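A quick write-up on the structure given underneath.
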Amino acid sequence: MPSILSQPGTTPPAASPKAPLLSVRNLCLEFHKDGKVLSAVENVSFDIAAGETLCLVGESGSGKSVTALSIAQLLPAPPARYPSGEILLNGRDVLRMSKTELRQIRGGVVSYVFQEPSASLNPVFPVGRQILESLHLHRPDAAKDGEVIRLLKLVGIPAPDSRLKDYPHQMSGGMQQRVMIAMALASQPKLLIADEPTTALDVTIQAQIIELLRELKQRLGMSILLITHNLGIVSDIADRVAVMYAGQMVESGPANELLTRPLHPYTRALMNSVPQLGSNADRLTAIGGNVPQLGAFPSGCRFHPRCPKAQPECSRQEPEWKEVELGRWGGASPGGPGGAPPPGGGAGGGERAGVDHHYPPR
Amino acid sequence: MTPDSLLQVRDLKVHFPVQHGLLSRVKAHVKAVDGISFSLAPGETLGLVGESGCGKTTLGRAVVRLIEPTSGSVLFNGEDITKLDGADLRSRRRGFQMIFQDPFGSLNPRMTVEQIIGEALDIHSLATGDGERSKRITGLLDSVGLSANHAQRYPHEFSGGQRQRIGIARALAVEPKLIVCDEPVSALDVSVQAQIINLLQDLQRERGIAYLFVAHDLAVVEHISHRVMVMYLGQVAELADAKAIVREPKHPYTQALISAVPVVDPEAKRQRIMLPGDVPSPIDPPSGCPFHTRCPIAEPRCHSEKPALREIAAGHFVACHLAR
Ligand SMILES: Nc1ncnc2c1ncn2[C@@H]1O[C@H](COP(=O)(O)OP(=O)(O)OP(=O)(O)O)[C@@H](O)[C@H]1O
Ligand SMILES: Nc1ncnc2c1ncn2[C@@H]1O[C@H](COP(=O)(O)OP(=O)(O)OP(=O)(O)O)[C@@H](O)[C@H]1O
Ligand code: SF4
Ligand SMILES: [Mg+2]
Ligand SMILES: [Mg+2]
């Protein structure tokens, strides 16, 4: 059996059917502070094809936001450092771009929507003016009130022409979220990154925003990277899902398959711990313990102290990130019988490749 | 309202005076809680849901008298606690406790866990002597899944889930019959959320505590509650068995709320009822049915006539003219 530990993550994820717009390869991110180095993201790989929606899930502190912020290099450096990996946007590595190139990308090809409207909306300017400014920056030819109104209409603001002069505080949380999305759309981005855009909203408003994103994606053909911890939302909107835990990717795959048949014990534990509306579960299956802190990630498989399926070798050997089934990636345990990849690539025939005793199909 | 209820809330109102307009002298009122009645049996959990600002927190705080109600009564074991004050109120407080969404904000950062829990014991003179006191504290920590060696630590040394456990231990210290839980798991990660929900359920089974449980996650509320009350603009829209609320919601607002919950199971996908517009201001609530401005099936009379809370099936109450 080849030692996978000596060649971490050398296998790239399989190409999506369409050429990926974004391809993150073995990304590592560290924070350097007071002479200490904290690894926040390690060997994370994923693709987003044109027009595809990828949902990134995982518990607090797993590294979802910092991964997303890395795509347009929005983390302050220092303390952020990228010791290795690539972030290929249309084939060009963002980590090697000049400041000028990065400025063009930010809010251009890649736009962000955050949970807090205050992160993008300036309280002292009317919303119309803020969208106009974004147009001036990225599409100067279109920088007219008419285009601002069109964008506001696109995101479902009623009577948008009468709203141009409104200040953010004159709008409800759901409306502010729509304005943020309108602003993000001003540059006609190829990739919209939305970091928990509905977490602060009521379910009725949340449903409106998710519906809006789905509609925009269809109408504009953009790719979306959506960060959420709500698996119901994932099921509503995702083409593919990637699950993170303690700075690493533990599983990714097509949404419907991953949600109906999660392979990784963490994904399964995550799904079992959330109550589902209308289910008769008497008791929730909680995951014991807490998410490990940065700088205190466990050895071997980082989930092993909380994993109901953990084996002795889990604490020693780090699982290998590989294609476990066609299109489905996971951090498979090296210890088990399925640990070695079958000859001829990822997709095993009858035997589920890489799905060892730690991945019992149920 | 059953005679064996632990808690009976009758026509409770909490109106906050606010300045209406910058120059105006006239005070307007936020009708945060506007005529709510319900009862709670010992060992029962009543879930409380509704959009942000509908009055859930205000109702919960008024029930344990952390805020003064404007009118109405709150009968705890048959005694109206809104009429009590001073030593009487203090001694009754043993019976009802509250836990909060942000356990950090409600725990004194300069006190150790032992001091925090001990203080609750001391107020009601529940432990005589140091030995007895520390034995009680260890027992309480144990019952919420913490250990004795946590006692000497400070709140900031704990994770969110552990802090919530400390808050629960403090509430349990006085052996309450009722705990008002205001979004106790909303700030927690899903895995830790499940731990706390299981803990609350175990404690209820062991000690027969009743919960008034506020949360915005309907799946969590359905899971933990025996009955659920849906609020809209300070009033009750619907009150029924938890299963009935989810499977056969009768109020159009409840129907929209349930349909908006994203579910994982692709087979369970339902038609979504989109509500137009936002929640109206509680300062100037709509006339007639408070929901009529957003209701997909509103009729002319809904604009003028306020629907009464009617019992349309055993134990199933709805405030809607058209519900049947
Ligand atoms: N600028 C920074 N300096 C140092 N550490 C940071 C910085 N930004 C984030 N971190 C740390 O990196 C880790 C990952 O954070 P991140 O915000 O990506 O988590 P997340 O998965 O988005 O969690 P949440 O669900 O809570 O948003 C956390 O431990 C966080 O404290
Ligand atoms: N002390 C106060 N003075 C004036 N208005 C208040 C006060 N406390 C609450 N309110 C108002 O009363 C209404 C009900 O607030 P409350 O906090 O009870 O809502 P909630 O249902 O708990 O909302 P959330 O889900 O956001 O916690 C809101 O309109 C709020 O702004
Ligand atoms: S290797 Fe073992 S402990 Fe780790 S995730 Fe896989 S099964 Fe769990
Ligand atoms: Mg985040
Ligand atoms: Mg509240």
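Computed from a prediction, not measured in an experiment: that's the story for all the values here. First the proteins, then the strands, lettered A, B, ... as listed; each starts at 1.
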* Would you find a donor on one side and an acceptor on the other, under 3.5 Å apart, between the side chain of B/Q162 and the backbone of A/N290? -> no
query = Going through the checks in order, is the side chain to side chain donor-acceptor pair (under 3.5 Å) test met by B/S191 and A/E59?
reply = CA-CA 8 Å; B/S191 64; A/E59 286 173 279; 2.4 Å; yes
All heavy atoms of A/G278 vs all of B/R247, minimum pair found to be O-NH2, 3.5 Å
Distance col, row B/I258:CD1 vs A/T204:OG1, nearest 0.5 angstrom, shows 12.0 Å
When the 4.5 angstrom heavy-atom criterion is applied to B/V246 and chain A, the contacting part is side chain
Most contact-rich option vs chain B, by heavy-atom pairs under 4.5 angstrom, among A/I205, A/N230, A/L270, A/T285, is A/N230
* Asked: Are the side chain of B/E222 and the backbone N or O of A/P275 linked by a donor-acceptor pair below 3.5 Å?
  -> no
> Do B/P262 and A/I210 have side chains that get closer than 4.5 Å, going by heavy atoms?
Replying inline: no
> Counting only heavy atoms not in A/Q170, do more than 12 fall under 6.0 Å of its CD?
Replying inline: yes
**Prompt:** Hey, is the main chain of B/V263 close enough, under 3.5 Å, to the side chain of A/Q276 for a donor-acceptor pair?
**Reply:** no
Whatever's closer than 4.5 Å to a heavy atom in chain B on A/V291 counts as side chain
CG (B/D189) and NE2 (A/H229) are apart, to the nearest 0.5 Å, by 8.5 Å
Looking only at B/D217, B/N198, B/V190, most heavy-atom pairs under 4.5 Å shared with chain A are made by B/N198
Bottom line for B/E51: the part with an atom under 4.5 Å from chain A's heavy atoms is both
CD (B/Q201) and CG (A/D282) are apart, to the nearest 0.5 Å, by 7.5 Å
Residue set satisfying salt bridge (Lys or Arg N to Asp or Glu O under 4.0 Å) with A/E116, at least two apart, ordered chain then number -> none
If one checks every heavy atom of A/E211 against chain B at 4.5 Å, the contacting part turns out to be side chain
Whatever's closer than 4.5 Å to a heavy atom in chain A on B/L218 counts as both
- Task: List the steps, then state whether side-chain contact (heavy atoms from CB on, under 4.5 Å) holds for B/R272 with A/D236.
- Result: CA-CA 12 Å; B/R272 209 153 263 171; A/D236 268 359; 3.0 Å; yes
For B/A194 and A/S273 the tightest heavy-atom approach is CB-O, 3.5 Å
CD1 of B/I196 to CG of A/L284, rounded to nearest 0.5 Å, is 12.0 Å
CG (A/N280) and NE2 (B/H223) are apart, to the nearest 0.5 Å, by 11.0 Å
When the 4.5 angstrom heavy-atom criterion is applied to B/Q193 and chain A, the contacting part is side chain
Looking only at heavy atoms, the pair that brings A/G232 and B/V264 closest together is N-CG2, 3.7 Å
